Amino acid sequence: MDIFDALTLAGGLSLFLFGMSLMGQALERRAGGQLRSLLERLTAGKLTGLLTGLGVTAVIQSSSATTVMVVGFVNSGLMTLKQAINIIMGANIGTTVTAWVLSLAGIDSGNVFVQLLKPSSFTPVLAVIGIVFYMFCKSAKKKDTGMILLGFATLMFGMETMSGAVSSLRDVPAFRQMFVLFTNPVLGVLAGAVLTAVIQSSSASVGILQALAATGQVSYGAAVPIIMGQNIGTCVTAMLSSVGANKNARRAALVHLSFNVIGTAVWLTVFCLLRSLLHPALLDEPASLPGIAVSHSLFNLLCTLLMLPLSGFLERLVTALVPDARQPEVFEELDERLFATPSIALERCHAVAASMAETAAASLKESLASLRDGSPDLAASIRDKEDRTDHYEDILGTYLVTLSTRQIGEADSREAAKLLKLISDFERIADHAVNILESAEELREKEIRFTDAALGELATISRAVSDILDLSLSAFLQNDLSAAAKVEPLEQVIDQLKEQLRTRHILRMQKGNCTIDAGFTWLDLLTNLERTADHCSNIAGCLIDAAHDTMNLHQSLREVRSGSEAFQERYLEYLRRYALT
């Protein structure tokens with residue numbers, strides 16, 4: 001093997017790792033919706049968690065990424081430690097998919113149909129299809145499909161390049177002796193662990209092992225310990241990601257390490273006993289690409305079968321290793337670890353935005369109640385909710401902007417833009433709630449009294465604002481476009497109510513029934529109620545825009561108001577419902 005072979009090997013390895021990363025990212029973007037649905041079905045059930053971890057890892061082609069994501073979930077309070085254990089076990093099985101795909105390169109047959117299954121036969125076709133999809137299709141999904149095919153083609157080309165570069169080593173005695181050295185189980189495990197820790201991907205390290213095995217110099221006796229070590233090396237990523245996380249997140253990362261260390265220790269002991277007592281001839285045979293895939297899958301399945309019934313023991317073990325702190329646990333609403341899977345990170349943003357929306361709506365309704373109830377507890381609750389919505393706006397805005405700079409799918413990009421627009425409206429609703437509270441406090445401090453007529457009118461517009469708030473909140477939380485369509489006609493009625501109530505109050509002041517001070521507070525209340533309705537209209541309009549893939553809110557609202565029989569019917573219905581006496 002000369003310097004040019006070494007350069008070819010380095011280039012092939014680079015292409016292999018790049019292709020794997022490219023394909024994994026494109027797969028994640030393409031399957032973002034499916035990943036979110038998998039997340040929604042998470043339960044504490046062992047089998048469900050196991051299948052979820054398997055499915056997610058099979059999609060994103062990285063158990064390390066899945067485990068980092070799980071650490072982020074636990075750190076955010078989105079997942080319990082018990083759920084995390086089952087998902088981590090499933091991830092170890094899901095990561096074996098890559099080895100099976102790469103093993104196709106080892107197909108050797110004169111049959112033309114069998115030859116077509118070799119990557120060297122169909123990869124060029126996939127590359128051509130991929131570049132056509134990527135360069136000439138406008139659909140983001142088709143572009144992602146093209147990127148998946150191009151990533152796979154790059155990965156397989158890198159694999160073929162590595163195999164070709166090391167092919168000359170089959171006749172080098174020193175190379176054979178190196179792998180004879182690795183038949184020492186401890187050295188084999190260490191070699192696999194170090195290699196995987198460096199490149200931070202067990203799938204990639206298995207692929208490298210398969211490329212070396214193509215020389216025929218790697219025996220099963222050397223390959224199996226290396227495969228076992230790779231499962232330990234892949235824990236490095238999760239352990240690093242847990243630095244600075246809360247105790248349960250650190251426990252989740254430690255579960256990954258404990259699971260693999262215990263599994264490796266047990267099955268390595270069994271392997272050594274079998275080799276010493278039975279001396280199976282298979283261990284001296286050259287390892288094939290499919291054989292390595294089988295060994296990788298079998299080892300991970302055996303580890304899972306061993307540890308799945310012991311998940312409770314794992315939980316107690318890591319709890320003992322990372323004891324409870326004296327201070328209460330603090331969860332991070334939005335964890336940067338979730339950036340590893342942008343579609344899941346976006347789902348978490350939506351969950352936090354939902355909490356923000358509910359908090360803002362609750363604060364506004366409490367502020368309406370404060371007009372009747374002047375308790376200090378209610379006032380403190382309203383101000384606390386306003387502070388929380390400010391906090392939500394800060395963290396969501398920063399997180400969504402950072403997320404938008406990453407490679408995410410077109411649908412996810414639209415969703416991120418939608419949430420960025422909505423959070424400002426939710427924050428402003430909470431601000432108006434505090435303004436209404438301050439008006440209520442001013443009324444009590446100055447002992448201002450509204451007339452019975454004014455109180456009746458205030459109750460009518462408050463009821464209308466409460467209803468439009470419920471409609472917009474339901475439209476956002478459930479993505480209900482029918483509820484969103486009902487918001488704009490009600491907003492128009494509230495605009496008219498505001499003008500009517502202002503005019504009526506001016507007339508009462510002219511007759512001497514109301515004071516100037518009462519008039520100022522009255523106008524402040526009407527302004528805050530009407531602007532709350534405006535923000536509800538913005539929320540509904542943004543949801544309708546997103547559903548129709550447009551971003552022009554004012555044009556959409558104009559179109560809703562004009563020429564729609566349904567709009568007119570709802571408008572007239574609301575006029576009757578909130579008619580003034």
Side-chain angles (χ1 to χ4, degrees), residues 46-58 62-64 66-67 84-103 182-186 188-193 196 201-203 205-207 209-210 213 218-235 238 254-283 285 287-315 317-318:
K46 289 185 178 181
L47 184 59
T48 306
L50 187 75
L51 294 176
T52 300
L54 193 159
V56 171
T57 307
S62 173
S63 61
S64 298
T66 301
T67 308
I85 292 172
N86 301 322
I87 291 174
I88 287 168
M89 290 183 183
N92 271 38
I93 300 175
T95 194
T96 63
V97 171
T98 308
W100 283 104
V101 174
L102 297 176
S103 69
F182 289 149
T183 56
N184 180 318
V186 176
V189 168
L190 286 174
T196 309
S201 171
S202 61
S203 297
S205 62
V206 170
L209 179 62
Q210 286 176 307
V218 182
S219 68
Y220 283 106
V224 171
I226 292 174
I227 289 170
M228 292 181 178
Q230 288 166 341
N231 272 32
I232 297 175
T234 195
C235 300
L254 202 55
V255 163
H256 191 214
L257 179 63
S258 303
F259 171 84
N260 285 302
V261 168
I262 293 172
T264 299
V266 170
W267 293 116
L268 184 63
T269 303
V270 173
F271 173 80
C272 292
L273 288 174
L274 287 175
R275 192 177 65 172
S276 300
L277 298 175
L278 301 179
H279 305 289
L282 176 65
L283 297 182
E285 294 289 326
S288 65
L289 273 65
I292 289 176
V294 169
S295 302
H296 190 214
S297 298
L298 185 61
F299 173 64
N300 282 286
L301 282 170
L302 288 173
C303 285
T304 302
L305 289 173
L306 173 69
M307 300 304 298
L308 189 60
L310 301 177
S311 58
F313 164 75
L314 272 180
E315 186 175 3
L317 174 64
V318 298

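In what follows, every heavy atom counts, from backbone to side chain, and hydrogens, waters and symmetry copies are set aside. Bear in mind the structure is a predicted one, so any value in this text is a computation, not a measurement.
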Asker: The criterion is side-chain contact (heavy atoms from CB on, under 4.5 Å); which residues satisfy it with Ala84, sequence neighbours excluded?
Answerer: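 side-chain contact (heavy atoms from CB on, under 4.5 Å) check on Ala84 returns Val70, Val74, Met79, Ala252.
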Asker: List, one per line, each side-chain donor-acceptor pair under 3.5 Å for residues 300-308, sequence neighbours excluded.
Answerer:
from: Asn300; atom 1: OD1; to: Asn231; atom 2: ND2; distance (Å): 2.6
from: Asn300; atom 1: ND2; to: His296; atom 2: O; distance (Å): 2.8
from: Asn300; atom 1: ND2; to: His296; atom 2: NE2; distance (Å): 3.4
from: Thr304; atom 1: OG1; to: Asn300; atom 2: O; distance (Å): 2.9

Asker: Does the Gln210 side chain pair with the main chain of Leu289, one donor and one acceptor, at a distance under 3.5 Å?
Answerer: yes
Asker: For Leu277, what residues pass the side-chain contact (heavy atoms from CB on, under 4.5 Å) criterion, not counting sequence neighbours?
Answerer: none
Asker: Name all residues meeting the side-chain contact (heavy atoms from CB on, under 4.5 Å) criterion together with Leu254; count only those two or more places apart in sequence or in a different chain, and write none if there are none.
Answerer: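 Leu254 satisfies side-chain contact (heavy atoms from CB on, under 4.5 Å) with Met239, Leu257, Ser258, Val318, Leu321, Val322 once adjacent residues are dropped.
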Asker: For Ser297, enumerate each residue passing the side-chain contact (heavy atoms from CB on, under 4.5 Å) test, keeping only those at least two apart in sequence or located in another chain.
Answerer: Thr96, Trp100
Asker: Going from SG on Cys272 to CH2 on Trp267, what distance comes out if it is rounded to the nearest 0.5 angstrom?
Answerer: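 Reported to 0.5 Å precision, the distance equals 13.5 Å.
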Asker: Grab the two heavy atoms, one from Pro225 and one from Ala222, that are nearest each other, plus how far apart they are.
Answerer: CD-O, 3.4 Å
Asker: Do Thr67 and Thr234 have side-chain heavy atoms sitting under 4.5 Å apart?
Answerer: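 Side-chain contact under 4.5 Å: no.
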Asker: Please name the pair of heavy atoms, one in Cys235 and one in Asn260, separated by the smallest distance, quoted to 0.1 Å.
Answerer: SG-ND2, 3.3 Å
Asker: Quick one: pull up CD1 in Ile88 and CG in Leu50 and give me the separation to the nearest 0.5 Å.
Answerer: 12.0 Å
Asker: Contact between Ile226 and Val218 at the side-chain level, heavy atoms closer than 4.5 Å - yes or no?
Answerer: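 The answer is no; the side chains never approach within 4.5 Å.
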Asker: Is there a side chain to side chain contact (heavy atoms under 4.5 Å, CB included) between Leu314 and Ile262? Walk through the geometry before answering.
Answerer: CA-CA 10 Å; Leu314 272 180; Ile262 293 172; 4.3 Å; yes
Asker: What's the separation between atom NE2 in His256 and atom CD1 in Ile232, rounded to the nearest 0.5 Å?
Answerer: 10.5 Å
Asker: How long is the gap from CD1 on Ile227 to OG on Ser295, to the nearest 0.5 Å?
Answerer: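 Taking CD1 in Ile227 and OG in Ser295, the distance rounds to 4.5 Å.
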Asker: Taking all non-hydrogen atoms of both residues, which atom of Tyr220 and which atom of Ile292 are closest, and how far apart?
Answerer: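 Closest approach of Tyr220 to Ile292: CE2-N, 4.5 Å.
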Asker: Once side chain to side chain donor-acceptor pair (under 3.5 Å) is applied, do any residues pair with Thr264, and if so which ones, sequence neighbours excluded?
Answerer: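 Scan of Thr264 (side chain to side chain donor-acceptor pair (under 3.5 Å), adjacent residues dropped) gives none.
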Asker: Atom CG of Leu274 and atom CG of Leu282: how far apart are they, to the nearest 0.5 Å?
Answerer: 11.5 Å
Asker: Below 4.5 Å, heavy atoms only, C-beta onward: do Arg275 and Val224 meet side chain to side chain?
Answerer: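 No - every pair of side-chain heavy atoms lies 4.5 Å or more apart.
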Asker: Atom CE of Met89 and atom CZ of Phe259: how far apart are they, to the nearest 0.5 Å?
Answerer: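 Taking CE in Met89 and CZ in Phe259, the distance rounds to 5.5 Å.
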